[in-house]
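Quick notes on the structure that follows.
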Amino acid sequence: MLLRAVLAVAATILTTVHARVHHLFVGNLYPPPRLYALAFDDETLALEITANMTADSSHAWIAFDAGKTNVYGASLDKPAIASYEVVVNNSSSSSSTGNADDDGGAATTVTNVTLEFRKSVAAAGACANKTAAFVLPHPLFPRVYTASWPGPDACAMALSTNPDPTAPTNGSGGGGMLEAVIQTWRYDSQTNSSGGIHGLALDPAGTALYSADLQGDAVWAHIVSPDGTGRVVGLRGGTFCPRGGRGRIRGTWSCTRMSGCSGGPKYLWATARAWTGNGTIEPHTGFISVFALDGETGAIRGEQQQPLFRVPTTTLDGGANAISPAPWSEDWAAMTDIGTGYVQMWRIEKTTDEKGEVTTTTARDVARVDIPDGGCCANVIWYD
Ligand SMILES: *[C@@H]1O[C@H](CO)[C@@H](O)[C@H](O)[C@H]1NC(C)=O
Ligand SMILES: *[C@@H]1O[C@H](CO)[C@@H](O)[C@H](O)[C@H]1NC(C)=O
Ligand SMILES: *[C@@H]1O[C@H](CO)[C@@H](O)[C@H](O)[C@H]1NC(C)=O
Ligand SMILES: *[C@@H]1O[C@H](CO)[C@@H](O)[C@H](O)[C@H]1NC(C)=O
Ligand SMILES: *[C@@H]1O[C@H](CO)[C@@H](O)[C@H](O)[C@H]1NC(C)=O
Ligand SMILES: *[C@@H]1O[C@H](CO)[C@@H](O)[C@H](O)[C@H]1NC(C)=O
Ligand SMILES: *[C@@H]1O[C@H](CO)[C@@H](O)[C@H](O)[C@H]1NC(C)=O
Ligand SMILES: *[C@@H]1O[C@H](CO)[C@@H](O)[C@H](O)[C@H]1NC(C)=O
């Protein structure tokens, strides 16, 4: 497998106060078709599976809608996009230890967040019978985009959603249960030089859709109508990448272009996959590289844009190495891998000198849960 960089920018800004227990989901890259709910306690560092759920198919990529009330899944095993509803069950649990010094057994709320399968929409039109490695909900319009993987001859689809009027969508029209395929297109019908699409991203206005064509060595830009229909109205262009310049793209969420930001993102977390070796190239582990960002412009800081630090991840056979920065603090990220199958928590750690100046910055894995079902794990999404 090719060495690829998977880039992800922490989506939200460091908050000083955050919940202690965070909920997240992870999908399986390969069969069996399972989805797991996980809970992570950032004080005790306990990371555990809270639900083992049957999925419509294994999901190479899962994504929340803007209000985090639905999850969409793309699959390499089934030519369809699945739609799940997020179900939150708060229950009271009496935590009495009988110790007079504690809170005397006051009820604490236990939050269990699970997914319920709602619908599977078959790939159609230009994408009939084609599988996909990525799915991207539009944050403002009731549309979900996906594109074919593997290649050749890439195609994409826009699916409509049925937004729940009571769901929190931040005043936008995005989100909801999947309804139907409303538009499909091929990338390059003239020369068939397009390959397979491995990542999609929208610009902050939601009017340009970018496709990372990993097998066609290109990045494509399509124009999305600003009229709220989410309809793709044309191809803006394609750029062919030099070898090695390919990969999965995710938005670069620059803070200066987002409303409500109180400070720029500090870090860009990136990973490179491991390589098992093939006689020509030596085996090597995967890596996490963290880049320091300029809070104002979002640009990578430092001379020659070198990473702030780079640390090896643990396995040689790791083909996923997918990183998901936490939404509650830029100092944390979840990373998955396949092979052994696990989810890890990484934390940025700093050492300071006696004057309090930071001398070194690195990251360390502080928690891990193994999910050795044979198909885990693809990507993690954070609920809270
Ligand atoms: C969460 O809910 C699911 C589905 O009802 C259940 O199977 C699971 O045991 C629950 N987990 C916890 C920790 O309560
Ligand atoms: C919520 O969780 C509690 C405790 O696990 C369980 O008894 C109850 O049946 C659940 N409610 C729903 C609607 O799933
Ligand atoms: C569940 O409990 C959490 C934490 O107390 C709270 O933020 C959330 O609003 C509750 N959700 C529901 C659906 O009751
Ligand atoms: C869809 O693809 C599968 C696997 O390549 C193939 O077996 C099947 O015949 C195809 N079905 C159609 C309708 O093209
Ligand atoms: C949208 O609203 C939800 C629920 O109120 C909130 O958790 C989330 O942070 C909001 N997202 C944005 C981008 O403002
Ligand atoms: C491109 O691929 C499609 C589908 O495989 C085929 O129908 C078409 O003839 C091809 N076009 C060229 C120019 O090769
Ligand atoms: C090993 O992989 C590299 C990169 O894909 C390729 O160029 C090389 O030919 C491969 N070597 C063998 C022996 O397969
Ligand atoms: C989840 O459940 C399935 C079906 O029972 C089982 O095969 C799998 O091993 C379970 N996963 C874990 C991590 O226990």
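In each ligand, atom 1 is the first atom listed, and ligand 1 is the first ligand listed.
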Glu48 vs Val369, test: side chain to side chain contact (heavy atoms under 4.5 Å, CB included). Steps then yes/no. CA-CA 6 Å; Glu48 57 189 37; Val369 63; 5.6 Å; no
For atom 11 (N) of ligand 3, what's the nearest protein heavy atom and its distance? Asn90 ND2, 2.9 Å
Exercise check, heavy-atom protein proximity under 4.0 Å to atom 7 (O) of ligand 1: no
Identify, for atom 4 (C) of ligand 1, the protein heavy atom at the shortest distance, and state residue, atom and that distance. Thr114 CG2, 4.0 Å
Is it the case that the ring center of Trp382 lies less than 6.0 angstrom away from the ring center of His23? no
Which of Asn89, Asn90, Asp384 passes side-chain hydrogen bond (donor to acceptor under 3.5 Å, both in side chains) with Thr111? Answer is Asn90
Are Ser120 and Asp56 linked by a side-chain donor-acceptor pair shorter than 3.5 Å? yes
For atom 9 (O) of ligand 1, what is the nearest protein heavy atom, given as residue, atom name and distance? Thr50 O, 4.0 Å
Could you say whether the N/O atoms of Thr109 and ligand 3 ever approach to under 3.5 Å? no
Report the residue from Tyr72, Trp61, Trp149 that forms a ring pair (Phe, Tyr, Trp, His ring centres under 6.0 Å) with Phe134. Trp61
among protein heavy atoms, the one nearest atom 12 (C) of ligand 2 is Asn89 ND2, 3.3 Å
What protein heavy atom is closest to atom 5 (O) of ligand 2, reported as residue, atom name and distance in Å? Ser91 OG, 4.5 Å
Please report whether atom 2 (O) of ligand 1 has a protein non-hydrogen atom at a separation of less than 4.0 Å. yes
For Ala37, does its backbone N or O pair with a side-chain atom of Thr50 as donor and acceptor, under 3.5 Å? yes
Asn112 heavy atoms within 4.0 Å reach ligand 1 at atoms 1 (C), 2 (O), 3 (C), 8 (C), 10 (C), 11 (N), 12 (C), 14 (O)
For the pair Tyr187 and Leu235, evaluate side chain to side chain contact (heavy atoms under 4.5 Å, CB included) and give the outcome as yes or no after the intermediate values. CA-CA 9 Å; Tyr187 278 75; Leu235 179 68; 5.6 Å; no
